[in-house]
Trainee: 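Mind having a look at this structure? Questions to follow.
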Amino acid sequence: MNNPAKILIVDDERVALKNLEYIMKKEGYEVVGTQSGSNAIRYLDEQQFDVVLTDMRMEKVDGMQVLKKCRERQPDTEVIMITGYATLEAAVETMKHGAFSYIAKPFKLDEVRKAVSEAVSRVEMKKGIKRLKERAEDFPGEGGIISRDRAMQKPLDTARQVALVESNVLIIGEKGTGKELFARSIHAKSKRFEHPFVAVHCGSFTEEKLADELFGHEKGMSPDGPAAKKGAIEEAAGGTLFLGEITAMHLPVQAKLLRVLEAKEIQRIGGTRSVKTDVRIIAAAEQEPLEAPGQAPFRQDLYYRLNVVSLHLPPLSGRKADIPLLSYYFLKKYADALKKPVQEIAEEVIGLLTEYGFPGNVRELESIIERGIALANGDTIELAHLPEHLKELSLKTFRKVEGKIPSLEEQEMTYIKWVLNEAGGNKTLAAQILGIDRVSLWRKLKKYGLEEE
């Protein structure tokens with residue numbers, strides 16, 4: 001380990017202290033040990049620790065006092081309590097004051113290793129979120145695209161390459177994945193960057209209105225007014241025309257667009273004069289146009305004209321590493337816009353967002369963060385500020401898995417695993433929470449093959 005986690009171990013029993021020091025050093029951690037709670041508090045003033053592993057009952061200054069002082073002086077440090085007097089009330093009390101885990105004596109060495117490893121992982125996650133927050137506050141992105149996930153590297157690389165050529169581009173991706181953002185980025189890096197970028201979303205218009213929007217009309221040919229009008233293709237002369245939702249384009253309009261691409265000229269509606277065009281087209285769709293179910297037929301010849309180079313954008317659920325970064329990027333954006341002093345997102349919120357499926361993709365995440373800022377009373381977005389359907393995900397619920405309703409045994413196994421995890425692997429505490437004795441718990445663990453978990 002290049003930068004090993006630093007652990008403070010506190011136990012007034014010398015043999016127990018030396019044993020724990022030996023185990024943790026063998027795991028590769030940097031270890032500081034003391035038999036005194038007073039010394040532990042002094043160390044917390046002098047040094048930064050990732051994890052504190054402390055005995056509960058000690059003379060003069062006990063583990064609870066060490067825990068409270070640690071929360072005051074090093075709030076990002078995780079504290080694991082060890083006690084020979086395990087009770088449910090004591091466990092609840094330590095958790096209430098911010099302990100990460102609670103281990104009862106006599107403990108197994110694997111229990112301690114697991115608890116410390118999980119605490120270190122949580123500290124690393126918090127450090128990572130802080131780094132992401134710092135990056136997000138002044139993240140340049142690439143043409144406004146915020147990403148650090150590997151799943152985005154291929155489309156980003158393709159976008160960089162295709163920006164330098166004149167080929168038409170087809171971008172495939174779910175709603176809210178950033179198709180227009182990619183199109184704008186390609187335009188900004190192309191030789192056409194000084195000319196217009198014009199966007200038309202085909203699904204927003206009827207057939208007649210879409211034709212008028214794209215090709216324009218001559219004087220007296222529109223019920224909206226007597227004047228002639230340039231269409232989007234003419235407006236984008238020398239630049240880029242972005243066509244969103246192309247699978248909603250009607251066949252007659254597709255035929256007219258194909259002629260523009262082949263002849264590089266356009267006729268306004270009601271006109272007889274052809275006008276030369278110089279425009280690059282970047283089209284976008286949620287699915288491959290030739291395969292999109294429930295849509296009007298799409299011409300193959302037009303498809304191949306548009307799909308010279310294709311980009312496939314992953315959904316947000318497929319680029320989970322970007323969720324914390326994007327969350328803090330939107331936090332900064334909307335905290336400034338709404339003039340609210342919100343600077344943080346609770347760890348539980350980041351954890352929940354990272355696990356969420358995001359059917360609305362980046363656009364949905366942006367909306368969730370904006371809502372959180374609007375509802376926050378302090379400086380942090382908490383679980384209470386999330387939409388109801390997200391808050392419900394933080395509760396344990398019965399749900400179908402792969403279309404199958406789980407059996408009672410499957411639910412029991414899942415619940416026991418969850419309680420064990422919440423109890424930090426402490427089987428005595430888990431048995432108390434479950435309302436059964438330790439032998440009964442052992443039988444159930446053996447039944448479900450969970451003995452080593």
Side-chain angles (χ1 to χ4, degrees), residues 141-147 155-156 158-160 162-217 222 224 229-250 253-254 256-258 260-261 264 266 268-269 275 277-289 292 295-296 298 302-303 305-313 333 360-364 366-367:
E142 184 164 336
I145 300 164
I146 308 297
S147 180
L156 281 170
T158 304
R160 287 186 207 106
V162 78
L164 304 175
V165 297
E166 291 291 296
S167 304
N168 294 328
V169 180
L170 176 61
I171 304 176
I172 306 294
E174 295 176 9
K175 281 182 180 176
T177 49
K179 296 185 289 294
E180 185 172 340
L181 200 58
F182 262 81
R184 289 182 181 277
S185 177
I186 291 169
H187 171 75
K189 291 180 172 61
S190 73
K191 296 173 184 176
R192 297 174 175 266
F193 74 96
E194 292 181 325
H195 298 281
F197 177 93
V198 179
V200 175
H201 292 271
C202 304
S204 303
F205 302 95
T206 63
E207 178 183 332
E208 187 178 89
K209 285 285 188 182
L210 179 59
D212 188 68
E213 188 72 19
L214 291 175
F215 307 109
H217 60 260
S222 172
D224 296 334
K229 172 195 165 185
K230 282 185 179 181
I233 296 171
E234 284 186 82
E235 293 285 357
T240 303
L241 173 64
F242 174 71
L243 296 176
E245 305 171 79
I246 58 164
T247 53
M249 186 181 289
H250 308 84
V253 182
Q254 292 180 33
K256 289 183 184 224
L257 180 62
L258 179 62
V260 172
L261 292 174
K264 296 197 179 299
I266 185 174
R268 292 182 188 172
I269 295 171
V275 179
T277 63
D278 173 25
V279 65
R280 179 193 203 173
I281 294 182
I282 301 179
E286 291 182 47
Q287 303 174 61
E288 286 285 353
Q295 298 285 358
F298 202 87
L302 177 59
Y303 171 77
R305 284 284 184 180
L306 295 173
N307 188 26
V308 178
V309 178
S310 63
L311 287 168
H312 287 78
L313 304 187
K333 175 181 175 180
N361 292 295
V362 178
R363 198 175 294 148
E364 183 181 8
E366 183 173 5
S367 175

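Quick caveat, the model's predicted, so the values are computed rather than measured.
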Trainee: Just wondering, do Ile172 and Glu286 contact through their side chains at under 4.5 Å, heavy atoms?
Mentor: no

Trainee: Which value, rounded to the nearest 0.5 Å, describes the distance between Ile266 atom CD1 and Ile233 atom CD1?
Mentor: 4.0 Å

Trainee: Considering residues at least two apart in sequence or located in another chain, which fulfil the salt bridge (charged side-chain N to carboxylate O under 4.0 Å, His left out) criterion with Lys333?
Mentor: Glu366

Trainee: Indicate the atoms forming the closest heavy-atom contact of Ala188 with Phe193, along with that distance.
Mentor: O-CB, 3.4 Å

Trainee: Mind checking what makes side-chain contact (heavy atoms from CB on, under 4.5 Å) contact with Glu364, not counting sequence neighbours?
Mentor: Tyr356, Phe358, Pro359, Ile368, His389

Trainee: What are the two closest non-hydrogen atoms of Thr247 and Pro289, and how far apart are they?
Mentor: CG2-CA, 3.7 Å

Trainee: Roughly how far, to the nearest 0.5 Å, is NZ of Lys209 from OG of Ser204?
Mentor: 13.0 Å

Trainee: Not counting sequence neighbours, which residues clear side-chain hydrogen bond (donor to acceptor under 3.5 Å, both in side chains) with Lys230? List them please.
Mentor: none

Trainee: Using 0.5 Å steps for rounding, measure from the CG atom of Leu311 to the CG atom of Leu156.
Mentor: 9.0 Å

Trainee: Tell me every residue that passes ring pair (Phe, Tyr, Trp, His ring centres under 6.0 Å) with Phe197, counting only those two or more places apart in sequence or in another chain.
Mentor: His187

Trainee: To the closest 0.5 Å, what do you measure between NE2 (His217) and CD (Glu208)?
Mentor: 11.0 Å

Trainee: Is any side-chain heavy atom of Lys189 closer than 4.5 Å to one of Ser185?
Mentor: yes

Trainee: With a 4.5 Å limit on heavy-atom distance, are the side chains of Leu257 and Leu243 in contact?
Mentor: yes

Trainee: Listed by chain and number, what are the side-chain contact (heavy atoms from CB on, under 4.5 Å) partners of Leu164, not counting sequence neighbours?
Mentor: none

Trainee: What are the two closest non-hydrogen atoms of Ala163 and Arg280, and how far apart are they?
Mentor: O-NH1, 3.9 Å

Trainee: For residues Leu258 and Arg305, determine if any side-chain heavy atom of one lies less than 4.5 Å from a side-chain heavy atom of the other.
Mentor: yes

Trainee: Suppose we screen for side-chain hydrogen bond (donor to acceptor under 3.5 Å, both in side chains). Which residues come up paired with Glu174, at least two apart in sequence or across chains?
Mentor: Asn361

Trainee: Between Met249 and Leu210, which heavy-atom pair has the shortest distance, and what is it?
Mentor: CG-CD2, 4.0 Å

Trainee: Would you mind reporting whether Thr158 and Val169 have side-chain heavy atoms less than 4.5 Å apart?
Mentor: no

Trainee: Can you measure from CG (Leu181) to CD1 (Ile145) and round to the nearest 0.5 angstrom?
Mentor: 5.0 Å

Trainee: Can a salt bridge be assigned to the pair Arg184 and Glu180 using a cut-off of 4.0 Å between side-chain N and carboxylate O?
Mentor: yes

Trainee: List in chain and number order the residues that pass salt bridge (charged side-chain N to carboxylate O under 4.0 Å, His left out) with Glu166, two or more places apart in sequence or in another chain; answer none if no residue qualifies.
Mentor: Arg192

Trainee: Under the side chain to side chain contact (heavy atoms under 4.5 Å, CB included) rule, what do Leu261 and Leu302 come out as? Steps first, then yes or no, please.
Mentor: CA-CA 9 Å; Leu261 292 174; Leu302 177 59; 3.7 Å; yes

Trainee: Gly203 and Ala248: which non-hydrogen atoms are nearest, and at how many Å?
Mentor: CA-CB, 3.7 Å

Trainee: Taking only residues two or more places apart in sequence or in another chain, which ones pass side-chain contact (heavy atoms from CB on, under 4.5 Å) with Ala211?
Mentor: Phe215, Val253, Ile269

Trainee: Any side-chain heavy atom of Val200 sitting closer than 4.5 Å to one from Phe205?
Mentor: yes

Trainee: What residues form a side-chain hydrogen bond (donor to acceptor under 3.5 Å, both in side chains) with Lys256, not counting sequence neighbours?
Mentor: none

Trainee: Got a second to check how far Ile171's CD1 is from Leu306's CG, nearest 0.5 Å?
Mentor: 11.5 Å

Trainee: State which residues pass salt bridge (charged side-chain N to carboxylate O under 4.0 Å, His left out) with Glu234; sequence neighbours excluded, sorted by chain then number.
Mentor: Arg268

Trainee: Output all residues satisfying side-chain contact (heavy atoms from CB on, under 4.5 Å) with Asn307, sequence neighbours left out; order by chain, then residue number.
Mentor: Leu170, Tyr303, Ser310

Trainee: Hey, is the main chain of Gly173 close enough, under 3.5 Å, to the side chain of Lys179 for a donor-acceptor pair?
Mentor: yes

Trainee: Can you check whether Val308's main-chain N or O pairs, donor with acceptor, with Asn168's side chain at less than 3.5 Å?
Mentor: no

Trainee: I would like to know whether Thr177 and Phe182 meet side chain to side chain contact (heavy atoms under 4.5 Å, CB included); could you show each step before the answer?
Mentor: CA-CA 9 Å; Thr177 49; Phe182 262 81; over 6 Å; no

Trainee: Would you check, one step at a time, whether the test side chain to side chain contact (heavy atoms under 4.5 Å, CB included) holds for His195 with Asp278?
Mentor: CA-CA 11 Å; His195 298 281; Asp278 173 25; over 6 Å; no

Trainee: According to ring pair (Phe, Tyr, Trp, His ring centres under 6.0 Å), who are the partners of His312, at least two apart in sequence or on a separate chain?
Mentor: none

